[in-house]
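What follows is a short report on a single structure.
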Amino acid sequence: MVGKGDAPAPREPEDEEEDNGGVVKLISAEGFEFVVDKKAAMVSNTLRNMLTSPGGFSESRQGEVRFPEISTHILEKICRYFYWSLHYSSGTELAEFAIDPEITLELMMAANYLDT
């Protein structure tokens, strides 16, 4: 029973977890925040699992993921890759994703963790 002035607790929409809409905040080791479309973040299987698993990851509830081991310049490149991947995943267009040789190792380590 709902008392006067009390509203029923909002129901958690189950479709929302499956929905690729909305945004996700990705936070680098230095604290820099990247706000990306959830659909773009889903390019990463690790992020997909964090954001959609029924296990109750705090990342899913808060819509933000902290990466204490990934520096800002690497996380920026990863975010750019997410959008590049969405755009070119159909295979109808071809474009190279440019990577500076100086960041290759660090980027590969982060990509391995993110399963992208």
Side-chain angles (χ1 to χ4, degrees):
M1 181 172 175
V2 177
K4 184 178 178 184
D6 293 336
R11 231 177 44 126
E12 294 282 332
E14 292 178 22
D15 295 338
E16 211 171 274
E17 290 198 17
E18 297 297 321
D19 184 4
N20 285 340
V23 295
V24 178
K25 189 186 301 183
L26 307 178
I27 305 170
S28 72
E30 297 85 6
F32 194 88
E33 299 176 354
F34 295 91
V35 178
V36 298
D37 294 322
K38 189 173 182 182
K39 185 176 181 179
M42 296 293 190
V43 168
S44 161
N45 289 322
T46 300
L47 289 175
R48 178 187 305 271
N49 289 335
M50 286 179 178
L51 297 171
T52 61
S53 291
F57 283 104
S58 63
E59 292 85 357
S60 179
R61 290 189 308 276
Q62 298 172 352
E64 67 179 42
V65 183
R66 295 183 181 277
F67 297 103
E69 301 294 323
I70 301 178
S71 64
T72 300
H73 72 283
I74 295 298
L75 191 55
E76 178 183 11
K77 193 69 168 180
I78 289 168
C79 292
R80 289 177 187 265
Y81 173 76
F82 290 163
Y83 286 102
W84 178 90
S85 181
L86 282 179
H87 184 78
Y88 294 104
S89 63
S90 67
T92 57
E93 293 180 65
L94 297 177
E96 186 176 309
F97 185 74
I99 299 173
D100 296 328
E102 301 82 36
I103 66 167
T104 302
L105 180 60
E106 198 175 353
L107 190 59
M108 285 177 57
M109 289 173 24
N112 183 51
Y113 171 72
L114 292 170
D115 193 13
T116 54

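These numbers come from the heavy atoms of this one structure, side chains and all, not from hydrogens, waters or symmetry mates.
For the atom pair CD1 of Ile74 and CD1 of Ile70, the computed distance is 8.5 Å after rounding to the nearest 0.5 Å. Note: Thr46 OG1 to Leu51 CG = 10.5 Å, rounded to the nearest 0.5 Å. To the nearest 0.5 angstrom, Tyr81 atom OH is 11.0 Å from Leu114 atom CG. Of the inter-residue distances, the one linking Lys38 atom NZ with Arg48 atom CZ reads 10.0 Å to the nearest 0.5 angstrom.
When all heavy atoms are compared, the tightest approach of Lys77 to Ile99 is CE-CA, 4.2 Å. Listed here is the closest heavy atom pair of Leu75 and Phe34: CD2-CD1, 3.7 Å. Taking all atoms of both residues into account, the shortest heavy-atom contact from Ala95 to Trp84 is O-CZ2, 2.8 Å. Of all heavy-atom pairs between Ala29 and Pro68, the closest is CB-O, 3.3 Å. Contact record, Tyr83 with Asp37: OH-N, 2.7 Å, taken as the closest heavy-atom pair.
With hydrophobic clusters built from ILVMFWY side chains whose heavy atoms lie under 4.5 angstrom apart, Phe97 shares a cluster with Tyr88. No continuous path of hydrophobic side-chain contacts links Ile78 to Met108 [ILVMFWY only; heavy atoms under 4.5 Å]. Hydrophobic clustering (side-chain heavy atoms under 4.5 Å, transitive across Ile, Leu, Val, Met, Phe, Trp, Tyr) keeps Ile27 apart from Val65.
Within the 4.5 Å cutoff, side-chain heavy atoms of Leu26 are placed close to those of Leu47. Residues Thr52 and Met42 form a side-chain contact, since some pair of their non-hydrogen atoms from C-beta on lies under 4.5 Å apart. Inter-residue side-chain proximity for Leu86 and Phe82 is flagged as unmet; no heavy-atom pair is nearer than 4.5 Å. The closest side-chain heavy-atom distance from Thr116 to Ser44 is below 4.5 Å. Taking 4.5 Å as the limit, every side-chain heavy atom of Met109 sits out of range of all side-chain heavy atoms of Glu69.
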For Glu33 and Glu64: C-alpha separation, side-chain torsions, deciding distance, then whether side chain to side chain contact (heavy atoms under 4.5 Å, CB included) applies. CA-CA 9 Å; Glu33 299 176 354; Glu64 67 179 42; 5.7 Å; no
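The main-chain N or O of Met50 is never found under 3.5 Å from a side-chain atom of Glu59 such that the two would form a donor-acceptor pair.
Taking the six-membered ring where tryptophan is involved, the planes of Tyr113 and Phe67 are perpendicular, since the angle between them exceeds 60° and thus also 30°.
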